[in-house]
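Before any comments, here is the structure.
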Amino acid sequence: MTIKILSSNLVHITKILSDLNYHDGDSIGAQLGITRSAVWKAIKKLEEYGVEVVSVKNKGYQLKETLLLIDQAKIEEALAMPDVEIKVFENIDSTNNYLKKNIDPRKRKIYIAETQTNGKGRMGRFWHSPFGQNIYMSYLYNFKKDVSELNGLSLVVGMACLAAIKEIGIEAEIKLKWPNDGVYLKQKFMGNLIELQSESYGDSSAIIGIGINVNMLKDSSYITQNWTSLRKISRKYIDRTKLCIAIIHNLNFYLEQFTKYGLKEFLVKWQELDSLYNQEVKINNGEYEGISKGINEHGNLMLELPTGVIKSISSGDTCV
Ligand code: BTN
């Protein structure tokens with residue numbers, strides 16, 4: 001598969017069309033300094049990705065629904081992180097996989113894609129990644145710490161993402177579900193998949209993969225979990241470029257704090273955001289059942305078993 005950076009022409013064409021009016025190929029081309037046939041090719045590409053474009057002779061093109069693509073240049077400008085490689089891809093198998101092939105223990109990298117053909121979820125699950133709707137992002141973050149000191153990283157990543165979502169104005173009661181889900185009324189809208197690698201001198205690299213259902217409205221047979229999206233929750237179309245900026249910004253801050261102080265810095269915050277606290281939960285489809293009592297300083301779930309014994313669970317899936 002050829003991996004392509006998302007072209008800025010595609011980003012700008014969708015921006016022009018996002019007023020949902022007709023725009024003809026000549027005028028779009030003139031605004032972008034490209035030919036009418038280059039505009040036509042870009043429109044064909046959008047259609048191949050499943051975007052509905054109406055095309056009427058003498059009127060031009062019209063999008064059926066607003067579509068703002070992720071603007072790499074805006075992200076770079078807003079974050080001003082010249083040492084970090086930021087790339088937005090049109091199409092990729094999985095941002096985590098691609099980042100793994102390009103790992104560099106001395107450089108931070110952020111890869112984002114408009115669609116993934118082989119998006120990976122936890123426990124070997126598939127992550128549904130339709131074009132132009134959601135966020136599929138992987139952040140390569142290097143720690144001057146051993147892998148064994150990174151317990152609870154996925155919880156911190158979840159908290160940073162929730163803070164970013166609130167920062168862009170979503171006020172609904174969104175929460176976290178141990179160990180890595182973002183939920184609204186028991187429906188999942190976000191997950192993270194962290195892949196760790198030991199480096200020399202006791203350092204480590206983390207590939208932090210984040211998937212957020214942002215503007216997705218349609219059901220898909222690929223999704224087996226009870227799901228929602230930020231657009232369903234807020235009833236607003238969300239500009240994913242703004243959300244990416246907020247996520248990276250918050251991740252930088254949260255990961256810095258985590259590096260300095262560890263998970264203990266976040267225990268109170270977790271309590272505020274914990275959707276499972278005092279709830280009856282099942283771990284790994286019933287391997288354990290009990291009442292969730294929050295997390296400990298290692299990020300383990302504290303489960304009160306029917307016998308009254310508190311069991312500390314270090315990994316697994318939870319359902320209520
Ligand atoms: C889960 O809840 O199961 C974790 C989902 C993680 C999905 C993201 S999308 C970006 C990155 N690339 C992948 O292939 N997976 C993660």
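All values below come from the heavy atoms of this structure, side chains included, with hydrogens, waters and symmetry mates left out. The shown structure was predicted, so the numbers you read here are calculated from the model rather than taken from an experiment. Start at 1 and go down the list; that is how both ligands and their atoms are numbered.
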- Message: Less than 4.0 angstrom from a charged side-chain N to a carboxylate O is my criterion; do Glu85 and Lys87 meet it?
- Response: yes
- atom 16 (C) of ligand 1: closest protein heavy atom, distance to 0.1 Å, is Lys120 O, 3.8 Å
- Any Lys/Arg nitrogen of Lys145 or Glu199 sitting under 4.0 Å from an Asp/Glu carboxylate oxygen of the other? no
- Message: Out of all atoms in ligand 1, which are within 4.0 Å of some heavy atom of Asn192? Include the element for each.
- Response: 4 (C)
- Nearest to atom 10 (C) of ligand 1, what protein heavy atom do you find, and at what distance? Thr95 OG1, 3.2 Å
- Query: Is there a nitrogen or oxygen of Ser94 sitting under 3.5 Å from a nitrogen or oxygen of ligand 1?
  - Reply: yes
- Note on the structure: Rounded to the nearest 0.5 angstrom, the CG-CG distance for Leu193 and Asn180 is 8.0 Å
- Message: Heavy atoms only, cut-off 4.0 Å: how does Met123 contact ligand 1, side chain, backbone, both, or neither?
- Response: neither
- Item | Proximity to ligand 1 by part of Asn97, non-hydrogen separation under 4.0 Å | neither
- Item | Sub-4.0 Å atoms of ligand 1 with respect to non-hydrogen atoms of Asn180 | 1 (C), 2 (O), 4 (C)
- Message: Please work out, at 4.0 Å between heavy atoms, whether the side chain, the backbone, both, or neither of Ser138 comes within that distance of ligand 1.
- Response: side chain
- Message: For ligand 1, which is the ligand I care about here, please tell me if Trp127 has any N or O atom under 3.5 Å from one of the ligand's N or O atoms.
- Response: no
- Note on the structure: In ligand 1, the atoms that come under 4.0 Å of a heavy atom of Met137 are 10 (C)
- Decide, yes or no, whether a salt bridge links Arg122 with Asp317 under the criterion of side-chain N to carboxylate O below 4.0 Å. yes
- Identify, by atom number and element, the atoms of ligand 1 in contact range of Gly119, meaning under 4.0 Å from any of its heavy atoms. 14 (O)
- Contact (N/O only, under 3.5 Å) between Gln116 and ligand 1: yes
- Query: Hey, is Lys260 close enough to Glu265 for a salt bridge, meaning N to O under 4.0 Å?
  - Reply: no
- Message: Checking a contact table here: which protein heavy atom is nearest atom 3 (O) of ligand 1, and how many Å away?
- Response: Arg122 N, 2.6 Å
- Query: Does the ring-ring contact (aromatic ring centres under 6.0 Å, His included) test come out yes or no for Tyr111 and Tyr136, once each step is laid out?
  - Reply: CA-CA 8 Å; Tyr111 289 176; Tyr136 321 112; over 10 Å; no
- Item | Closest protein heavy atom (residue, atom, distance) for atom 2 (O) of ligand 1 | Lys188 NZ, 2.6 Å
- Task: Check Asp24, Ile16, Val54, Ile28 against Tyr61 for a side chain to side chain contact (heavy atoms under 4.5 Å, CB included) and give me the one that passes.
- Result: Ile28
- Query: Less than 4.0 Å between a side-chain N and a carboxylate O, is that true for Glu48 and Lys45?
  - Reply: no
- Message: Less than 4.0 angstrom from a charged side-chain N to a carboxylate O is my criterion; do Glu114 and Lys4 meet it?
- Response: no
